[in-house]
Each structure stands twice: as structure tokens, then as C-alpha cells.
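Working notes for the structure below.
If you read the sequence from its start, that first residue is 1, and numbering goes on from there.
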Amino acid sequence: MVEDSELWDVICDGPFVPTKNLGDPTIAIPKTRKEFNDADRKAVEKNFLAKKILICGIGPDEYNRISACQSTKEIWEALQTAHEGTTQVKKSKIDMLTTEYELFRMKDDESIQDMHTRFTSIINEHHSLGETISRNKLDRKILSVLPSS
């Protein structure tokens, strides 16, 4: 579990770069690979492992989007933008989904199962964008759109 957390830190914060202090006043500069100690190597390996996990988890189309990225942080940000869009696009998607949720109705020729699947899809998209709707509110919405028959 700790390793997972450390890999996530590499993705969110950027790669670990081993440094050494030189001069007066002291300045931190990157170490050469020959200067790495065991702890440095282990931390740098986490950079590569995180990058490998991200790259292995995507298809060829996605790979073309991120092939120029150098770090896992850059890869993650490129994938986030591609799938969620910018903050403004994300807000627009949330607004559209909210409207779709509010106007949701069961279609005349639709089975309850199909209606529920369509409803769940809207809710899951909402959730994937960081917006949650209480279980109680969801239940009331479903009950309100069911036909009286």
C-alpha cells in the first residue's frame, strides 16, 4: 500500500530527482547517475515504474497523445485534459449532465431495466467528474420518473 501511495506521489508531484548541495551559499544540483546511492536508485526506479504502469494501461491511440511526455506527471496531465478537458470544459460537462439528470424521464417504449441503465450512466459520468448526488436524492428521482402503471 505504501508503494502505491509513493507511485501516486510520483504521478501527481513529478519525478524524484536526486540532488547534491554545492557551493557557498549551497545550491542543490542534480546528481549524475554515477553519484546515485541505493536510496536514489530506488526512488528513481519508482519514476520508471509509475511511467510503465501508465503506459501499459493505455491503448495505441492514447499512446500517441502522451508519447512526447517526459514524466509521469506530464502523462497524467495530458490524459486528464484529453478525457476531462480543461476546468472550463469539465464545468460545462457537469452542467450538461445536471440538466440531463433534472430532465430525465422514462421513455414510453422503454423497459425499467433500460431506463435504469440510462440513468446509471448519467450518474456514473457525474461521479467521474467529481460530482456526487446523494443516494436519497437518486432514489426519489427514480421513483418520480416511473410510470404509474
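- Note: Asn124 CG to Leu97 CG = 10.5 Å, rounded to the nearest 0.5 Å.
- Note: the hydrophobic cluster containing Ile58 also contains Leu54 (ILVMFWY, side chain heavy atoms under 4.5 Å, direct or indirect links).
- Residues Pro30 and Val17 come closest through the heavy atom pair CB-CG1, 4.1 Å.
- With no hydrogens or angles considered, no side-chain donor-acceptor pair links Thr117 and Asp114 at under 3.5 Å.
- Closest approach of Thr72 to Ala50, counting heavy atoms only: CG2-C, 3.5 Å.
- A salt bridge links Arg65 to Glu62: one of the charged nitrogens lies within less than 4.0 Å of a carboxylate oxygen.
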- Would you sort out whether Phe16 and Val10 count as a side chain to side chain contact (heavy atoms under 4.5 Å, CB included), showing the intermediate values? CA-CA 7 Å; Phe16 172 77; Val10 169; 5.7 Å; no

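- Contact record, His126 with Thr98: NE2-OG1, 3.2 Å, taken as the closest heavy-atom pair.
- Remark: the Thr99 side chain and the Glu102 side chain contain no N/O donor-acceptor pair separated by less than 3.5 Å.
- Of all heavy-atom pairs between Val44 and Phe36, the closest is CG2-CE2, 3.9 Å.
- Taken from CG in Asn47 to NZ in Lys51, the straight-line distance is 9.5 Å, to the nearest 0.5 Å.
- When each of Arg33, Lys31, Lys20 is tested with Asp40 by the rule side chain to side chain donor-acceptor pair (under 3.5 Å), just one qualifies, namely Lys31.
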- Task: Determine, stepwise, if the pair Ile11 / Lys73 fulfils side chain to side chain contact (heavy atoms under 4.5 Å, CB included).
- Result: CA-CA 5 Å; Ile11 291 169; Lys73 182 176 175 72; over 6 Å; no

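- Residues Ile27 and Ile29 are in side-chain contact: their nearest non-hydrogen atoms beyond the backbone lie under 4.5 Å apart.
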Identify every side-chain donor-acceptor pair in residues 128-140 under 3.5 Å, counting partners at least two apart or on other chains, and give the distances.
residue, atom, partner, partner atom, Å
Ser128, OG, Glu125, O, 2.8
Ser134, OG, Lys137, N, 3.2

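- The cluster map of Ile, Leu, Val, Met, Phe, Trp and Tyr, joined by side-chain heavy atoms under 4.5 Å apart, puts Leu103 and Val145 in different clusters.
- Ile112 and Ile142 end up in the same hydrophobic cluster when Ile, Leu, Val, Met, Phe, Trp and Tyr side chains are linked at under 4.5 Å.
- Under the 4.5 Å side-chain heavy-atom criterion for ILVMFWY residues, no single connected hydrophobic cluster contains both Leu7 and Phe48.
- Within a 6.0 Å sphere centred on CG of Asp95, heavy atoms belonging to other residues, nucleotides or ligands number more than 12.
- With respect to Cys69, the side-chain contact (heavy atoms from CB on, under 4.5 Å) criterion is satisfied by exactly one of Ile75, Ile55, Leu79: Ile75.
- Within the 4.5 Å cutoff, side-chain heavy atoms of Phe104 are placed close to those of Arg118.
- A cation-pi geometry, defined here as NZ or CZ lying under 6.0 Å from the six-membered ring centre and within 45° of its normal, holds between Lys141 and Tyr101.
- Proximity of a side-chain donor or acceptor of Glu45 to a complementary backbone N or O of Lys42 within less than 3.5 Å is not detected.
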- Kindly determine whether Leu49 and Ile53 satisfy side chain to side chain contact (heavy atoms under 4.5 Å, CB included), including the steps that lead there. CA-CA 6 Å; Leu49 181 57; Ile53 289 170; 4.1 Å; yes

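- When all heavy atoms of Leu146 and Met115 are compared, the closest pair comes out as CD2-CE, 3.6 Å.
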